[in-house]
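Encoded as structure tokens, the structure appears first; notes follow it.
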Number of protein chains: 2
Amino acid sequence: MTRTPEFFMRAALKEAAKAELMDEVPVGAVVVLDNKIIARGHNLREKSQDVSAHAEIIALRKANKKVHSWRLENADIYVTIEPCAMCAGAILWSRIRHVYFGAKEPKGGALVSSTHLYEVSGINHRPEVTGGLLEDECSAIISGYFQKKRKKM
Amino acid sequence: MTRTPEFFMRAALKEAAKAELMDEVPVGAVVVLDNKIIARGHNLREKSQDVSAHAEIIALRKANKKVHSWRLENADIYVTIEPCAMCAGAILWSRIRHVYFGAKEPKGGALVSSTHLYEVSGINHRPEVTGGLLEDECSAIISGYFQKKRKKM
């Protein structure tokens with residue numbers, strides 16, 4: 001049975017919910033190969049105090065371990081929020097086939113918002129990009145998180 | 001005694017040489033805080049099969065551990081080659097004060113070559129950028145590496 005993009009984005013949303021439980025900005029990602037999730041990640045920047053610990057980087061590194069290779073040519077990544085330049089760059093280097101994201105990130109989003117990284121990059125490989133997948137749910141979890149934060153302050 | 005930028009770039013060049021000994025593309029980086037090197041990194045992509053294992057990411061993650069924080073506000077980074085989007089993005093997020101690089105990277109360089117990431121970014125923080133530091137040495141080690149590679153092939 002071929003799973004839908006929505007199925008995989010729901011798995012990424014579950015990852016985002018895990019981040020929220022740890023009081024991290026709720027972003028989640030999964031890497032999919034041959035119709036199966038091979039790696040999951042959620043934002044862990046505060047807990048790890050590691051600047052690179054975004055959901056996508058964590059998921060990509062786990063996927064690298066899983067396939068024993070930095071190359072993820074036939075894999076896709078699903079991420080709840082438009083990737084930043086760091087993550088979009090890592091996705092590009094890993095030769096991921098297709099990036100699906102949920103909500104746009106107007107400030108730091110590097111695919112369609114602050115910059116269009118894959119259009120300006122001098123690297124030959126260029127992943128396909130699909131935005132707006134389960135956009136409302138992906139947007140709600142992050143805006144809900146920041147609303148609660150502001151109330152506490 | 002205040003050390004010069006050249007002193008720190010020489011330390012980054014030593015890191016690049018370590019990468020070359022391991023048959024990795026020779027790029028090196030050091031993170032400097034209060035006139036001291038607090039972290040060093042060299043490219044380890046092939047050995048680790050980790051797509052994020054560029055010199056800069058390795059050095060930043062080590063620096064994060066050293067200061068127990070993802071924030072590196074008063075630190076500078078020295079890298080032998082112009083950072084790619086992934087690394088330039090990580091440097092931006094870490095709030096590094098000043099990026100010094102040696103040689104330009106016409107294809108993937110994200111500071112002054114393929115894109116000017118810090119000019120298009122929607123993030124408030126913007127590191128200072130100085131390119132061309134020990135440019136000839138930084139350029140020579142990488143072009144020498146690729147010349148040897150081509151001869152072998």
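Below, read A as the first sequence line, B as the second, and so on, with proteins coming before strands; counting in each chain starts at 1.
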Atom OG in A:S69, atom CD in B:E46: separation rounded to 0.5 Å?
8.5 Å

Could you state whether A:F7 and A:Y78 fall into the same hydrophobic cluster, counting links through intermediate Ile, Leu, Val, Met, Phe, Trp or Tyr residues with side-chain heavy atoms under 4.5 angstrom apart?
yes

Are B:Y118 and B:V112 connected, step by step, through hydrophobic side chains (Ile, Leu, Val, Met, Phe, Trp, Tyr) whose heavy atoms are closer than 4.5 Å?
yes

For residues A:V67 and A:V99: do they belong to one hydrophobic cluster (side chain heavy atoms under 4.5 Å, members Ile, Leu, Val, Met, Phe, Trp, Tyr)?
yes

Minimum side-chain heavy-atom gap A:R61-B:D50 below 4.5 Å
yes

Would B:V129 and B:M9 show up in the same hydrophobic cluster when neighbours are defined by side-chain heavy atoms closer than 4.5 Å?
no

Out of A:A110, A:G108, A:C84, return the one with the most heavy atom pairs under 4.5 angstrom to chain B.
A:C84

Hey, what do you get for CG (B:L60) to CE (A:M86), rounding to the nearest 0.5 Å?
9.5 Å

Please report the closest heavy-atom contact between A:A85 and B:G89, naming both atoms and the distance.
CB-CA, 4.4 Å

Please check if the number of heavy atoms outside A:K18 that lie under 6.0 Å from its NZ is greater than 12.
yes

A:K65 side, atom NZ; B:S48 side, atom OG - distance, nearest 0.5 Å:
10.0 Å

Given a strict heavy-atom distance threshold of 4.5 Å, which part of A:H68 is in contact with chain B: side chain, backbone, both, or neither?
backbone

Qualifying residue, where the test is side-chain contact (heavy atoms from CB on, under 4.5 Å) with A:V51 and the options are B:I96, B:N64, B:L92
B:N64

Looking only at heavy atoms, which two atoms of A:Q49 and B:W70 are closest? And how far apart?
OE1-N, 2.9 Å

Would you kindly confirm whether B:V79 and B:L44 end up in one hydrophobic cluster when ILVMFWY residues are joined by side chain heavy atoms under 4.5 Å apart?
no

With a 4.5 Å cut-off on heavy-atom pairs, point out which of B:P106, B:S114, B:A63, B:G109 contacts chain A the most.
B:S114

